[in-house]
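One structure below.
Indexing begins at 1, ligand by ligand and atom by atom, following the structure's order. Note that this is a predicted model, so its numbers are computed, not measured. We count residues from 1, following the sequence as given.
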Amino acid sequence: MTHSHFTAQQTRVNPGAIWKARKRIAPFLTRTPLIQSPVLSEKAGGPVYLKAEHLQPVGSFKLRGAANKILSLDGEHRKRGVATFSTGNHGLAVAWFARQLGIPAVICLSARVPREKTDRIKALGADLIVCGESQDEAEERCLQLEKEEGLAVIPPFDDPEIIAGQGTIGLELLEELPDLGRVVIPLSGGGLFAGIALAIKSNQPEARLVGVTMEGSAVMYHSLRKGRPITMEEQNTLADSLLGGIGLDNRYTFPLVRKLADETLLVSERGISQSLSLLFRNHKMIVEGAAATGAAAILDGRIQAEGRPIVLILSGCNADAEEVLQAINRS
Ligand SMILES: *Cc1c(COP(=O)(O)O)cnc(C)c1O
């Protein structure tokens, strides 16, 4: 990757784009609460706050990026419709938001996606296209729809409008906690991290941004250490929304995370279970494993307060309910 290429990419993802995203999506999204956590504050030795993004419609922050991307399309594209290949929180967000606007949405998925997930997407009014046995085949089909039918592909993270949409969380945090010390962000493809980090670093450069991922299949974490995007086998985890690669041809999120992350760390499955339990018992919140990784880093003693407030992003709540309840009961 040449230097000039890198700079050209960076100019498309900038703080101005995040302000624009905020204006664009404001009529459609509610501002999520920021809640102080006495129990986590006690453990960290200073104030800890939870940004409750799991309270967004369809249960995750992904709606911010999906809404911003879809609203950025011209009339022609909106009429033809949108397509994506995610069956997780991104797919749900795209399906739901497209329906709000009356835009057709197609979700490409592999035959291996469980029935429960496909039913939920169908219920949101999207068309499902089952193609092949793997996620790669689903992605290929999706890109084919773009070429042949002119559908607009809504990528899950590596896109300037998606990053800017997720970055609106950062603007809210700056207003709510002007003396913000650290933000702890669940890290997978890096759209959430890149957006929040860009918003915060450009307003409060001394704030520190920490990415947190589960120990198994931490693709971004290991890519950062290798200095280039890598691929890894997927392992079972409670934080299943953090699974998936970052794309070997990653254009935006990898360089941004590399530039803006002060620290990236890994948490154990046991730590994630304990955090799910803590959030349920103390806050009566049921979130998904990915959202509990920040709290796990505090429980593991990896994050200590240094005078200024710490914010954890509770990124979503779309786990399999049985699995979360089992994890809570185990701890
Ligand atoms: C997608 C997702 C993440 C990670 O976001 P990236 O932009 O892929 O890094 C974290 N938590 C939840 C619940 C998600 O759905």
Side-chain contact, heavy-atom cut-off 4.5 Å: Asn68 with Ile162?
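Asn68 does not reach Ile162 side chain to side chain.
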Output yes when Arg141 and Glu137 qualify as a salt bridge under the 4.0 Å nitrogen-oxygen rule, no when they do not.
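Answer for the salt bridge query: no.
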Should the pair Asp262-Lys201 be classified as a salt bridge under the 4.0 Å nitrogen-to-oxygen rule?
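Yes.
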Quick one: side-chain hydrogen bond (donor to acceptor under 3.5 Å, both in side chains) pairs with a partner in residues 162-186, sequence neighbours left out?
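Those involving residues 162-186 are Arg22-Glu175, Arg31-Glu175, Arg31-Glu176, Lys51-Glu172, Arg64-Thr168, Arg64-Glu172.
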If a pair satisfies salt bridge (charged side-chain N to carboxylate O under 4.0 Å, His left out) and one of its residues is in residues 116-129, list it, with sequence neighbours excluded.
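Found Arg115-Asp119.
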What short N/O contacts, under 3.5 Å, does ligand 1 make with the protein, listed by atom pair and distance?
{"residue": "ligand 1", "atom": "7 (O)", "partner": "Gly191", "partner atom": "N", "Å": "2.9"}
{"residue": "ligand 1", "atom": "7 (O)", "partner": "Leu192", "partner atom": "N", "Å": "2.9"}
{"residue": "ligand 1", "atom": "8 (O)", "partner": "Gly189", "partner atom": "N", "Å": "2.9"}
{"residue": "ligand 1", "atom": "9 (O)", "partner": "Ser188", "partner atom": "N", "Å": "2.9"}
{"residue": "ligand 1", "atom": "9 (O)", "partner": "Gly189", "partner atom": "N", "Å": "3.2"}
{"residue": "ligand 1", "atom": "9 (O)", "partner": "Gly190", "partner atom": "N", "Å": "2.7"}
{"residue": "ligand 1", "atom": "11 (N)", "partner": "Ser315", "partner atom": "OG", "Å": "2.7"}
{"residue": "ligand 1", "atom": "15 (O)", "partner": "Lys62", "partner atom": "NZ", "Å": "2.7"}
{"residue": "ligand 1", "atom": "15 (O)", "partner": "Asn89", "partner atom": "ND2", "Å": "2.8"}

Identify, with sequence neighbours excluded, every residue that meets salt bridge (charged side-chain N to carboxylate O under 4.0 Å, His left out) alongside Arg24.
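Salt bridge (charged side-chain N to carboxylate O under 4.0 Å, His left out) list for Arg24, sorted by chain: Glu161.
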